[in-house]
Amino acid sequence: MIDRLSDLISQYKHQVDYCEIRLEESEGTEIRFRGRDIESISQPLSRGGCVRALYKGRWGFVSFNDLDGLKGKIEEAISLAKLGHGEKVELGDVEPIVDQVAVSYQKDPREVPLGEKVALFDHYIQQIWELSPKVSDAAVGYFDANTQVTLISSDGSCLVQEFADIYAGFTIIARQGEIVQTTLLTVADPLDYRIVLGLDDRISERGEMAVRLLEAKPVAGGSYPVVINQELTGSFIHEAFGHLSEADFVYENENLRKMMKIGKPVAVKGLNVFDDPTLVGGNGSYQYDAEGVPAKKTHLIKGGVLTGRLHSRETAGKMGEELTGNARVASYRSRPLVRMSNTYVNSGETSFQEMVEDIKLGVYAVGSIGGQTDREMFTFAAKWGYMIRDGELAELVRDVKLSGNVFETLNNIQAIGDDLKMHPSWCGKGGQVVPTSSGGPHLRIKNVVIGGQ
Amino acid sequence: MEVTIAKSLLNTSLRESEMAEVVMSSGCQRGIVFENNKLKKVGAAYSESIGLRVIKAGKVGVAATNDLRKVSQLVGKAVDVSGFGPLAQFEFPGKSKFGDVKTCSSSLLKFSNKDLVKLGEEMVNEFQEFDSKLLCFIEFNISQGESIILNSSGLEIANDSTRFGFGVYTDLVRAGDMLVVEEGQASCKADIDFVFYLDRLKQKINNARTVVKIKSGQYPVVFTPSSLGTILAYLYTALSGKNVVKGSSRLQGQLGKEVFDPRLTIIDDGLIDWKTGSTCVDAEGVPVGKLPLIQQGIVSNYYYDLQSAAQAGVASTGHGSRGLTSALGHPGLHNIQANAGEEAYVSILSGIEQGILAEEFIGMGQDNPFNGDFSLNLNLGYKIEKGKIVGRVKDTMIAGNAFELLAKGIRAISKEREWVGGSALYPYVVLEPVSVVSKGDTIN
């Protein structure tokens, strides 16, 4: 098969500046519960492929399920790329790579019988309902997948990579009259099925929090000194800063290039931010990116100064910067985009206690429901929060939603904690969702706008 | 698409199960993307998939693939998982009379990639004349899809549709300030008035050029047809039959009660020609029609899929939506319409002494979906002073409760309405009081 694909590519490579074929085959298991009942179990089988061709700055892209007639698909992608004429694009140089990458599972989910998985999640569902009579609804999902991706490019790369996903998510809903509160628990480890085992205590803790939130008051809107926990630090650095460090955002825009100029101070002096796809077992880890570029760790902010950004071959070529291996895809349906992998703020030296002890009135925001940015503006929702009064954690508050301007906020960081932790996350961009992880230590930030009534 | 594959799968599956349903679909999409004023990407996507649901020993099993070589494995897989599957409280619907609605335009398919490129280039040029510093992003998509649903109750219904999607956005970048402004529309045929959306985008840019401050406090907020959907989404969550039977709906037990302002009427209608939510049949084979959800403030209907309807002891309203790997459907809306009011938009605006016009938010979907409490970052919003837009407000969040505001806080509804995303028709609505928290107004 691989030889045939290489032959095909070499027949056409002289007609274009670059072309590649990507084929994908996957199998997995999905289990979903809603309320007390199972909603679905399935073991989907998927197969598809795509051809991408570059000619004078234009990409032609064709995706398909039917692998017959690949020749026709290549010709179609080439003809799409040749619609009109643009300027030639130099892709970042890469050594052709011929390699096979297998997943080394610590516990392979395919070895676990379906009935055992269903029984486990049935047990969790029962446990959720037993927590409190105020639990009114629950949604639980489990997902595993094993995907084989073959990439053959006109540069001579020939890669067969295996990818894995293992994930479980729990939404617990509590209700009292018209007040409805939800809490979430998400776990993921692509290499180890055991991540979904023994979650009883964590589920209890989250369920009890949903019930406690029924009694909590919404946080009063205003601008506060805020301490954010590790998960929220991750969400903040990913959403607010990370997306700006994706080079496809700046590479053709002079104004944005100035704003994100390497060497520019963008944050307080003690801040260090990394993107590292090579972390073992990270939810956003991989060995080669979707263009066959080897993954590597990138220092994005070093001591408060902008020192790096994330690249695809096209953006690195255009900007004359080093390749970082951050072109990723959600599936064969999608073209590679510049994406983050495992992104985090490195630990500092302040303990949590030191962080809160001189805050007279502030908010401790815990966990992340999600975040969104529009360029410099960001907003993210905490799972819950506590008021900080006279240096101590006080009452529980709900509906804690923070927003602000990224550069102001990066310069408003007053303390960096000593307790880095990573969390699995999923990131959407251009209609593609890819697994990532993000994290950091506790951070203390001044003047954060918290919405509320 | 080869219907014989679907028929033979249905027949085979009935040898091992009591009831079965096969859904088969195929489609192709093509599109072009302009980035930073230049044609950058031209794409085509071909897809095919087949899904099987069986009911065996009273339980639902499901299997699906997009690899048509593996169709023969589906029966075994679906039967295997049915042992663990949900209890089927429904039966697959039989033959019925389906409504008539136009969703397939052959003239749309005649639009070539070259035509789209030309259209895009014209837009880029027009934008350059408006402001040569702006970099324009444009996307066009044309797609065509066909699907067929067959089941053991004798149903066999085919459904075809075409779709035209268009979006345009630009980055406004100045020192310390970045903003994306966007416009777009979708339709089943080539009837999108591009000039209208370009003019609207220019107007947004002009309105956003001046940045003004607003004091935190309670204000009337004007929601545009495109921002109103974020607030109404809380109602749709509460009216979903699945949330009602699961006990998570805030509107549970409210059927027939006047819960909202009597000026509020919301109807879902799947049979409007050329709208992207239109279809004669839902994903489970049930006929689609018109369903009033709120009539003059009274909660008149919840919307259901097959299973949630059966659990509620009613018939499916034709709102079943289902991914092929899911054993059960969930309720989904078609084309949603809120009734118009009586006042002209300009006169509504001129009557506002001090307030906000909300165009675009970020932070949607991060609030508790059931409670109705929203807290949204105003990505693009303007301050209104003495009836006039005076500039953009930044670093500002608005908050309130959707249910309470739609019950007691509707100040005005415009007589003008606009289609949003090809499947929602909304007026301009002023809600009051909405909490506004703005930076530069520090309380500590």
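The sequence lines fix the lettering, A, B, ..., with proteins before strands; numbering per chain opens at 1.
A salt bridge is absent between E87(A) and K38(B); no separation between the charged side-chain nitrogens and carboxylate oxygens falls under 4.0 Å. With salt bridges taken as basic N to acidic carboxylate O contacts below 4.0 Å, none links R30(B) and E76(A).
The side-chain hydrogen bond (donor to acceptor under 3.5 Å, both in side chains) check on D115(B) picks up S112(B), with sequence neighbours excluded. Under the side-chain hydrogen bond (donor to acceptor under 3.5 Å, both in side chains) criterion, E39(A) pairs with K242(B), not counting sequence neighbours. Qualifying salt bridge (Lys or Arg N to Asp or Glu O under 4.0 Å) partners for K117(A), counting only residues two or more places apart in sequence or in other chains: D144(A).
Taking both residues in full, the closest heavy atoms of S248(B) and D137(A) are given as OG-OD2, 2.7 Å, listed atom of the first, atom of the second, then distance. The shortest heavy-atom contact between G221(A) and V437(B) is CA-CG2, 4.0 Å. Considering all non-hydrogen atoms of both residues, Y46(B) and K73(A) come closest at CD1-CE, 4.4 Å.
Of the atoms belonging to E314(A), it is side-chain heavy atoms, and not backbone ones, that fall under 4.5 Å from chain B. At a 4.5 Å heavy-atom cutoff, the contact between Y251(A) and chain B is made by side-chain atoms alone. In this structure, no portion of D122(A) lies under 4.5 Å from any heavy atom of chain B. Only the side chain of Q252(B) has a heavy atom closer than 4.5 Å to any heavy atom of chain A. Using a 4.5 Å cut-off between heavy atoms, V118(A) touches chain B through its side chain atoms alone. When heavy atoms are compared at a cutoff of 4.5 Å, I173(A) approaches chain B solely by way of its side chain, counted from C-beta outward. Only the side chain of F407(A) comes within contact range of chain B, judged by heavy atoms closer than 4.5 Å. Neither the backbone nor the side chain of L134(B) comes within less than 4.5 Å of any heavy atom in chain A. V81(B) touches chain A through backbone and side chain together, each having a heavy atom under 4.5 Å away.
Side chain of N371(B) to main chain of V180(A): a donor-acceptor pair is present (N/O by atom type, distance under 3.5 Å, no hydrogens or angles). No donor-acceptor pair under 3.5 Å is formed between the side chain of S326(B) and the backbone N or O of S40(A).
For the atom pair L45(A) CG and Q73(B) CD, the distance stands at 5.5 Å (nearest 0.5 Å). Here the straight-line distance linking atom OG of S63(A) with atom CD of Q29(B) works out to 8.5 Å at 0.5 Å rounding. Note that the OG1 atom of T65(B) and the CZ atom of R47(A) stand 8.0 Å from one another [nearest 0.5 Å]. Atom NZ in K77(B) sits 9.0 Å away from atom CG in L114(A) (nearest 0.5 Å).
When side chains are defined from C-beta on, R398(A) counts as touching D373(B), because their heavy atoms get closer than 4.5 Å. Using a 4.5 Å heavy-atom threshold, the side chains of Q311(B) and D37(A) count as touching. Counting only heavy atoms from C-beta outward, the side chains of R58(A) and L39(B) approach each other to under 4.5 Å. Within the 4.5 Å cutoff, the side chain of T182(A) has heavy atoms near those of the F370(B) side chain. Inter-residue side-chain proximity for R34(A) and N243(B) is flagged as met; some heavy-atom pair is nearer than 4.5 Å.
Chain B is approached within less than 4.5 Å, heavy atom to heavy atom, by E25(A), E30(A), R32(A) from residues 25-33 of chain A, ordered by number.
The residue among D67(B), L135(B), N66(B) with the most heavy atom pairs within less than 4.5 Å of chain A is N66(B). With chain A as partner, the option from L380(B), V33(B), N379(B) having the largest number of non-hydrogen pairs under 4.5 angstrom is N379(B). Counting heavy-atom pairs closer than 4.5 Å to chain B, the top residue among L67(A), N255(A), L80(A), V89(A) is L80(A). The most heavy-atom pairs under 4.5 Å with chain A, out of V180(B), N113(B), V62(B), come from V180(B). Of the listed residues S47(B), A63(B), S26(B), the one with more heavy-atom pairs under 4.5 angstrom with chain A than any other is S47(B). Among L68(B), T396(B), D171(B), V117(B), the residue making the largest number of heavy-atom pairs under 4.5 Å with chain A is D171(B). The residue among K41(B), H330(B), K246(B), R250(B) with the most heavy atom pairs within less than 4.5 Å of chain A is K246(B).
In this structure, a donor-acceptor pair under 3.5 Å is absent between the side chains of N377(B) and T379(A).
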